[in-house]
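In what follows, a structure is listed as structure tokens, so that the remarks can point back to it.
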Amino acid sequence: ETMTNEIEAEARKYFERIEGFDGVLPAIENGFFQGEISDSAYRYQIEIDKGLRNIVGVNKYTNPDDKLKIPLLRMDPEGYKVQATRLNELRKDRDNGRVGQSLDRLRIAAQGTENTMPYILDAVRAYATLGEIMNVFKEDFGIYQEPTMI
């Protein structure tokens, strides 16, 4: 029970720090969570490097004779051309009027408070591309830029 109380006290302190930003959204905008994640990852790596945290195969029970060979991912140089051709054929063969209408309905839903999922599915069924669907959201909401922590 004492350990539970200690954990609760630490959690309360953490919540108080977040409230010090006036809530979660301002804390996100100020990079609080990004900093916490970064600090935690740094501490975790230091623990591994100093041997305070053991990870089998990384810093514990390793086999020095084992030379791990990781195959490199090689991209087919023709892959881009194949995908671009398929995309061009799709845009030529689909009902572009239906695509435009479905994207317009999605845009209207995104500007309001309506659930956008049915409109996304309608756009997909009309063969709108992921890029076309995402552009609707980019036009309305912009692109999120995570604050940079230095």
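Everything numeric here is computed off the predicted structure, so don't read it as measured data.
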I'd like a table of donor-acceptor pairs (distance under 3.5 Å, sequence neighbours excluded) in which one partner is a side-chain atom from residues 129-136, with atom names and distances.
residue: Thr129; atom: OG1; partner: Glu132; partner atom: N; Å: 3.1
residue: Thr129; atom: OG1; partner: Glu132; partner atom: OE1; Å: 3.3
residue: Glu132; atom: OE1; partner: Arg94; partner atom: NH1; Å: 3.0
residue: Glu132; atom: OE1; partner: Thr129; partner atom: N; Å: 2.8
residue: Glu132; atom: OE2; partner: Arg94; partner atom: NH2; Å: 2.7
residue: Asn135; atom: ND2; partner: Gly131; partner atom: O; Å: 3.2

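Applying the salt bridge (Lys or Arg N to Asp or Glu O under 4.0 Å) test to Glu10 and every residue at least two apart in sequence or in another chain returns Lys13. Evaluation of the side chain to side chain contact (heavy atoms under 4.5 Å, CB included) rule for Tyr80 yields Ala84 as partners, not counting sequence neighbours. Every salt bridge (Lys or Arg N to Asp or Glu O under 4.0 Å) that Asp104 has, sequence neighbours left out, goes to Arg107. For Glu78, the side chain to side chain contact (heavy atoms under 4.5 Å, CB included) criterion is met by Asp76, Lys81, not counting sequence neighbours. Applying the side chain to side chain contact (heavy atoms under 4.5 Å, CB included) rule to Glu114 yields the partners Ala109, Tyr119; only residues at least two apart in sequence or on another chain are considered. Take Ile46 and apply the side chain to side chain contact (heavy atoms under 4.5 Å, CB included) test, not counting sequence neighbours, and it matches Tyr42, Lys50. In this view, Asp49 and Gln45 satisfy the side-chain hydrogen bond (donor to acceptor under 3.5 Å, both in side chains) rule, not counting sequence neighbours. Contacts of Asp95 classified as side-chain hydrogen bond (donor to acceptor under 3.5 Å, both in side chains), with partners at least two apart in sequence or in another chain: none.
For residues 18-27, no residue pair satisfies the salt bridge (Lys or Arg N to Asp or Glu O under 4.0 Å) rule, not counting sequence neighbours. Every pair passing ring pair (Phe, Tyr, Trp, His ring centres under 6.0 Å) that includes a residue from residues 2-30 is listed here, sequence neighbours excluded: Tyr14-Phe32, Phe21-Phe32. Applying the salt bridge (Lys or Arg N to Asp or Glu O under 4.0 Å) test to every pair with at least one member in residues 115-130, sequence neighbours left out, gives these pairs: Asp122-Arg125.
At a cut-off of 3.5 Å, with distance as the only test, a side-chain donor of Gln83 or Arg86 sits close to an acceptor on the other residue.
Linking Ile, Leu, Val, Met, Phe, Trp and Tyr whenever their side-chain heavy atoms come within less than 4.5 Å puts Val124 and Val99 in one cluster.
Glu47 contributes atom CD, which lies 8.0 Å from atom CZ of Arg43 (distance to the nearest 0.5 angstrom). Atoms CG and OG1, from Leu90 and Thr85 in turn, are 12.5 Å apart once rounded to the nearest 0.5 Å. Asp39 contributes atom CG, which lies 10.5 Å from atom CD of Gln34 (distance to the nearest 0.5 angstrom). Note that OG1 of Thr116 and CD1 of Ile108 are 13.5 Å apart. Values are rounded to the nearest 0.5 Å. Annotation: the span from Ile7 atom CD1 to Arg12 atom CZ amounts to 12.5 Å, rounded to 0.5 Å. Here CD1 of Ile48 is found 4.5 Å from OH of Tyr44. Values are rounded to the nearest 0.5 Å.
Nearest heavy atoms, Ala110 versus Phe141: O-CZ, 3.4 Å. Scanning both residues, Leu103 and Ala123, for their nearest heavy atoms gives CD2-CB, 4.2 Å.
Judged by distance alone, the side chain of Thr62 and the main-chain N or O of Asn59 form no donor-acceptor pair under 3.5 Å.
The local environment of OH in Tyr127 is sparse, with at most 12 non-hydrogen atoms from other residues, nucleotides or ligands closer than 6.0 Å.
Between Asn54 and Tyr61, the closest side-chain pair of non-hydrogen atoms is not below 4.5 Å. With contacts defined as side-chain heavy-atom distances shorter than 4.5 Å, the pair Lys92/Asn88 does not qualify.
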